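Nothing here was measured: the structure is a model prediction, and the numbers come from that model. Reminder, nothing fancy here: chain letters follow the sequence lines and each chain counts from 1.
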Number of protein chains: 2
Amino acid sequence: MDKQLATTLFESLASGIRLDIFRLLVKHAPTGLVAGEISTALALPATNVSFHLRAMTYSGLINVTQEGRYQRYRANLTVMQSLIDYMTSECCTGRPEHCFDTEIAAVCCDDNKFLSSDLEA
Amino acid sequence: MDKQLATTLFESLASGIRLDIFRLLVKHAPTGLVAGEISTALALPATNVSFHLRAMTYSGLINVTQEGRYQRYRANLTVMQSLIDYMTSECCTGRPEHCFDTEIAAVCCDDNKFLSSDLEA
DNA sequence: TGAACTATACAACAATTATTGAAATATAAA
DNA sequence: TTTATATTTCAATAATTGTTGTATAGTTCA
């Protein structure tokens, strides 16, 4: 998980509509839903939902497979888990005891200096 | 953690600059950094950093305290942990076995139906 | 008090993202 | 093959977000 992917995924979760779509797909995992079902469930125009589905698919947060004339969308729970792992490691960097049980988080890191590597991507 | 707060926090993490700021503050927890140190570290104009710090402070992702003529910013690791918890519960809803060890996640939920509550905020 | 310093507010503008209806593409079914 | 269905693409526009320089407000210290 690099910074670029992380920001793209956060962007995918940073709108009420996209978060609704994702939660809906999680609830319907692993079957997923086709585009029209999502539009209907959220009472939104198909074009608008399609716009958001495209962004979420591009980021990898959801997957799509063609099923005849339908497009079936599924939550990518593996990517979500990777993002949670990324956030956890970012959160614990520096002072793990502020986030978690110390013995669990202690593996993360131990320095708190101001490094030029602060600036890396 | 409600949906509105979650989307605001994701928005706070959904830019490279804001993610840099957050990671920098996490690395310097619990001391934090003053605004000028952040601008210098990231080589960005003070006004631009101030713009992003304001958004992050508003969402609660970071905290600010006045220190003489300085404004000291700190990562709010408690909020970050709450967001991770929210993501974890959203991710596991439906089919916990897809995210985690089943025995850990099994508490989350057990239905996979299409409910009108899908539409709630 | 007055000069230097820190940071934000403001204003102007650039760039990106969101929304909608109409048209196009592709599949399925009659 | 014609018609209906599902979804996306496109174009137009609206709305929001991001960036920068300048001005302002507040703090420190001589």
Side-chain angles (χ1 to χ4, degrees), chain A residues 3-22 24-25 28 31-74 114 119 121, chain B residues 3-22 24-25 28 31-74 114 119 121:
Chain A
K3 189 182 85 173
Q4 173 61 51
L5 176 56
T7 56
T8 303
L9 290 170
F10 286 132
E11 180 62 37
S12 276
L13 293 164
S15 102
I17 289 176
R18 289 192 296 270
L19 192 52
D20 282 342
I21 291 171
F22 184 74
L24 190 59
L25 291 177
H28 289 270
T31 310
L33 293 173
V34 301
E37 291 174 319
I38 298 170
S39 298
T40 301
L42 301 179
L44 292 169
T47 50
N48 189 15
V49 170
S50 184
F51 168 84
H52 290 294
L53 288 172
R54 184 175 182 280
M56 296 169 80
T57 303
Y58 182 76
S59 75
L61 191 62
I62 64 178
N63 299 124
V64 60
T65 55
Q66 183 148 11
E67 216 170 78
R69 61 181 145 171
Y70 301 89
Q71 299 288 326
R72 180 166 297 274
Y73 289 92
R74 293 181 178 84
F114 189 179
L119 304 173
Chain B
K3 189 182 86 173
Q4 173 61 51
L5 176 56
T7 56
T8 303
L9 290 170
F10 287 132
E11 179 63 37
S12 277
L13 293 164
S15 103
I17 291 177
R18 289 192 296 270
L19 193 51
D20 282 343
I21 291 172
F22 185 74
L24 189 59
L25 291 177
H28 288 270
T31 310
L33 292 173
V34 301
E37 290 174 320
I38 298 170
S39 298
T40 301
L42 301 179
L44 292 169
T47 51
N48 190 14
V49 170
S50 184
F51 169 83
H52 290 295
L53 287 172
R54 186 176 183 279
M56 297 170 79
T57 303
Y58 182 76
S59 75
L61 192 62
I62 64 177
N63 299 124
V64 60
T65 54
Q66 182 149 11
E67 215 170 78
R69 61 181 143 173
Y70 301 88
Q71 299 287 325
R72 181 167 296 274
Y73 288 92
R74 294 181 177 83
F114 189 1
L119 303 173

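- With no hydrogens or angles considered, no side-chain donor-acceptor pair links A:Thr7 and A:Glu11 at under 3.5 Å.
- Nucleotide D:dT16 holds its P atom 15 Å from the CD atom of A:Glu11, rounded to whole Å.
- Between B:Thr47 and A:Asn48, the residue anchored closer to the 5' end of DNA chain C is B:Thr47, taking for each the nucleotide with the nearest heavy atom.
- Atom CD1 in B:Ile21 sits about 12 Å away from atom C1' in D:dG18, given to the nearest Å.
- At D:dA6, none of the side-chain N or O atoms of A:Tyr73 fall inside 4.0 Å of OP1 or OP2 (strictly under the cut-off).
- Within the 4.0 angstrom heavy-atom criterion, no nucleotide atom of any strand lies near B:Arg72.
- Nearest-nucleotide positions on DNA chain D for A:Val49 and A:Arg69 put A:Arg69 closer to the 5' end.
- When distances are taken from the side chain of B:Arg54 to each of C:dT8, D:dT20, C:dA9, the shortest belongs to C:dA9.
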- Query: Where do A:Ser12 and A:Ser59 land on the side-chain hydrogen bond (donor to acceptor under 3.5 Å, both in side chains) test, with the steps shown first?
  - Reply: CA-CA 7 Å; A:Ser12 276; A:Ser59 75; 2.8 Å; yes

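- Between the side chain of A:Ser50 and the backbone N or O of A:Ala46, no donor-acceptor pair lies under 3.5 Å.
- Atom CG of B:Leu42 is separated from atom P of C:dA7 by 14 Å (rounded to the nearest Å).
- Within the 4.5 Å cutoff, the side chain of B:Tyr73 has no heavy atoms near those of the B:Val34 side chain.
- Within the 4.0 angstrom heavy-atom criterion, base atoms lie near A:Phe51.
- Summarising the geometry, the separation between CD on B:Glu37 and P on C:dC5 is reported as 17 Å, rounded to the nearest angstrom.
- Contact annotation for A:Ile17: backbone-only contact, meaning every heavy-atom pair under 4.0 Å involves sugar-phosphate atoms and none involves a base.
- In this structure, the nucleotide among D:dT27, C:dT20, D:dT7 sitting nearest to the side chain of B:Gln66 is D:dT27.
- Atom CG of B:Leu53 and atom P of C:dA7 are 10 Å apart (whole Å).
- Atom CG of A:Asp20 and atom P of C:dA18 are 14 Å apart (whole Å).
- Between D:dT7, C:dA18, C:dT8, one nucleotide has an atom nearer to the side chain of A:Gln71 than all others, and that is D:dT7.
- Close to D:dT17, at under 4.0 Å from its OP1 or OP2, lies no side-chain N or O of B:His52.
- The shortest distance between side-chain heavy atoms of B:Arg74 and B:Thr65 falls below 4.5 Å.
- Rounded to an integer number of Å, the gap from CE of A:Met56 to C1' of C:dT17 is 15 Å.
- Taking atom CD of A:Glu67 as the reference point, atom P of C:dT27 lies 14 Å away to the nearest angstrom.
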